[in-house]
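Inspection log for the structure reproduced underneath, given as structure tokens.
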Amino acid sequence: MVRIADAVRPRLARAAGIVRPSLARVAGAAAPQVARLTRLAGPPFARITKAGPHAGSWRFTAGAATAGLALAAGVVTAAGPWDGTGQRTAERDRAVALGHTGGADHGRQADSSGTSSVAGAPRPAPSAATVLTGLGGAAGRVKSAPDTLPTTTGLKAVLDRLLADPALGARHTAAVVDVATGRRLYGSGAGTALTPASTTKIATAVAALSAMGPDHRLTTRTALEPDTRELVLVGGGDPTLTARPDAQGWAGLRTLATATAKALKARGITQVTLSYDTTLFAGARIHPIGVNPNLAPVTALSADEGRIDDSTSGPVKRVSDPAADAAGKFAAYLAAAGITSSSPGPSKATTRAQTLATVSSPPLSTVIERMLTNSDNDIAEALARQTAVATGVRADFAGGGRAVRDRLDKLGLPVTGAVFKDGSGLDRADRLTADLLTALLAKAGDPGLPGLRPVLTGLPVAGFTGTLATRYADGAAGVVRAKTGTLSGVNTLAGTVVDQDGRLLAFALLASGTTDPTAAQTALDKAATALAGCGCR
């Protein structure tokens, strides 16, 4: 452990040198934690210790959140989703970026790998390749040290009491799995299907990656009908397509219009009839919950998720017809490039139409990370339908749900009781089990399936990124990575955590019938924090 502490110091120093003032307290508080690690050669972040006169009572000790950067840099460096240096990319960039807007989000600049590189903007979680190395290393070590495996008895002693919190409502289930071995270590109603809310996106991510692969890109194109000079903007179902003029590196309508205008002029054409094609997706565009600020109408052609302002995530009013809106903005860019067009209307490109220009999304791995980190409903619904397209199923809400379930079944995952009405988890009729959620996460850590790794790397990081950025102020910041889920009366959390012995554990916690979402969220966070501080043997 002293060797680990020695490794922490230089990384902590580098991190402390770049943090902004609002993070200074984190770096400052991290130093005592490292010093204590050196003195005690004990767990540097937390312990579950016996407390009080009752042998069955437990107390979580130490401030993991205040040592977030130290944890990210030095604790069990090969056991969790780490980058090649042993420090999580997301935390490092978060430290640099505090005080800036942006992030791994829509309309932002990207490098050649498709990750955001706007100055000051945190990137998505680490790349799949380096995480695979970390997982492989962890698996090799822990399999040779079975005495570090938490026991069911130990986990029950810690979790049963925490999960009995009345804030978790009338029904709650839980499961904990060791990722290296795939062995379930703890279960409480783990086979009972409950409403999963946004943890559904974990299933959508695994299905999409399984069906299309991490390098797959979604392409939007323009096609010219040779006989009529009709120009068709063909939607490729890319939820990251943007109409913003500063979208360098992302699939942008301005880039597509400029390339299209060049191709038209090379043919001596300066005036066209403009149409748009959304036939890749089928069925209703409006989610069963109705018009909702959390999701635009689902269509194969949209720009900036149909947002009416410059926001990049979260609920906001959307345009009523994203395809028509995108086509109108494309027409304006065409005009600026010297091509006159008619007012655009819906159509379908024929097989004779000649492709003039294309723009493509970042790799699916990056899109998946964005979806999970930001709990992006628009991306989730698009990817459920893309999974349907890839597997030959009708690409509507029902078809997307069926395609997701079929892909998981083919992977040998426990889908009994699972119901997929959508890809985002906004539909209250969705049902998942804690067993399935933990199996999905363990499958994503399978060394034989590196293409699924973005499911782990995209999970929000406690205290740092995405929907967990403001949580775990007094808990396991930087150690827990998890997908959140919240609907009225529903609170869920599923992800991974590294325990004090370096075991990478997958967990799923689902609660239904909650009445106080803040209290329920806190109860779930306490349970995940307890896993971080637990050897539980």
Side-chain angles (χ1 to χ4, degrees), residues 65 81 90 94 103-105 122 124-125 162-163 165 167-169 172-176 194-206 294-295 313-315 368-381 422-428 430 432-434 436-438 440-441 444 454-497 505-512 514 516-532:
R94 173 74 172 176
D105 230 323
L162 292 171
L163 296 177
D165 191 325
L168 294 179
H172 52 269
T173 65
V176 178
L194 297 180
T195 303
S198 278
T199 56
T200 299
K201 294 181 177 74
I202 296 173
T204 302
V206 169
N294 288 293
L295 178 68
S313 63
I368 291 288
E369 287 187 331
R370 282 176 54 177
M371 175 186 72
L372 293 171
T373 299
N374 298 319
S375 196
D376 193 304
N377 298 306
D378 297 273
I379 292 178
E381 294 303 343
D422 64 2
S424 63
L426 287 172
D427 197 316
R428 302 181 68 86
D430 289 333
L432 294 184
T433 65
L436 176 55
L437 283 168
T438 50
L440 286 162
L441 293 163
V455 176
L456 298 183
T457 60
L459 293 173
V461 180
F464 287 96
T465 61
T467 54
L468 288 186
T470 60
R471 290 167 64 165
Y472 293 84
D474 297 313
V479 178
V480 172
R481 304 182 76 104
K483 181 71 201 71
T484 58
T486 306
L487 292 171
S488 177
V490 174
N491 292 85
T492 60
L493 189 70
T496 63
V497 62
L505 307 177
F507 67 90
L509 312 169
L510 296 89
S512 289
T514 59
D516 183 338
T518 300
Q521 174 180 293
T522 299
L524 294 178
D525 289 349
K526 284 181 178 178
T529 295
L531 285 173

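- A heavy-atom distance below 4.5 Å is not found between the side chains of Arg471 and Val480.
- Here the CG atom belonging to Leu531 is positioned 7.5 Å from the CG atom belonging to Leu509, to the nearest 0.5 angstrom.
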- List the steps, then state whether side chain to side chain donor-acceptor pair (under 3.5 Å) holds for Asn491 with Thr514. CA-CA 7 Å; Asn491 292 85; Thr514 59; 2.8 Å; yes
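- Here the straight-line distance linking atom CG of Leu459 with atom OG1 of Thr467 works out to 9.0 Å at 0.5 Å rounding.
- Heavy-atom minimum distance, Ala528 versus Tyr472: CB-OH, 3.3 Å.
- Annotation for Leu168 and Ala523: closest pair CD2-CB, 3.7 Å, computed over non-hydrogen atoms.
- Remark: side-chain polar atoms of Thr529 are paired, donor with acceptor, to backbone N or O of Asp525 under 3.5 angstrom.
- With a 4.5 Å cut-off on side-chain heavy atoms, Val497 and Val479 count as touching.
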- Yes or no on side-chain contact (heavy atoms from CB on, under 4.5 Å) for Gln521 and Thr484, after CA distance, side-chain angles and deciding distance? CA-CA 9 Å; Gln521 174 180 293; Thr484 58; over 6 Å; no
- Task: Check the pair Leu456, Thr496 against side-chain contact (heavy atoms from CB on, under 4.5 Å), reporting the backbone distance first and the verdict last.
- Result: CA-CA 8 Å; Leu456 298 183; Thr496 63; 3.9 Å; yes
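- Of all heavy-atom pairs between Pro315 and Asn294, the closest is CB-OD1, 3.5 Å.
- Each of Leu441, Leu432, Thr438 was scored for a side-chain contact (heavy atoms from CB on, under 4.5 Å) with Ile202, with one residue passing: Leu441.
- Defined by atom type and a distance below 3.5 Å, a donor-acceptor pair is present between the side-chain atoms of Ser375 and Ser198.
- Side-chain atoms of Arg428 never come within 3.5 Å of backbone atoms of Val490 as a donor-acceptor pair (strictly under, hydrogens ignored).
- Here OG1 of Thr373 is found 9.5 Å from NZ of Lys483. Values are rounded to the nearest 0.5 Å.
- No side-chain donor-acceptor contact under 3.5 Å links Thr199 to the backbone of Gly485.
- Taken from NZ in Lys201 to CG in Asn377, the straight-line distance is 4.0 Å, to the nearest 0.5 Å.
- In this structure, Phe507 and Leu493 have side chains that are in contact, with non-hydrogen atoms separated by less than 4.5 Å.
- Separating the NE2 atom in His172 from the CG atom in Leu163 is a distance of 5.5 Å, to the nearest 0.5 Å.
- Atoms OG and CD1, from Ser424 and Ile379 in turn, are 12.0 Å apart once rounded to the nearest 0.5 Å.
- The shortest non-hydrogen separation linking Leu487 to Ala197 is CG-CB, 3.9 Å.
- Pairing each heavy atom of Ala476 with each of Ala532, the nearest pair is CB-CB, 3.6 Å.
- Looking only at side-chain heavy atoms (C-beta outward), Leu510 and Leu437 come within less than 4.5 Å of each other.
- Panel note: side chain Asp422, backbone Asp427; a donor-acceptor pair is recorded below 3.5 Å.
- Looking at Asp165, its side chain does come within 3.5 Å of a backbone N or O of Ala167 through a donor-acceptor pair.
- At a threshold of 4.5 Å between non-hydrogen side-chain atoms, the residues Asp378 and Leu295 count as touching.
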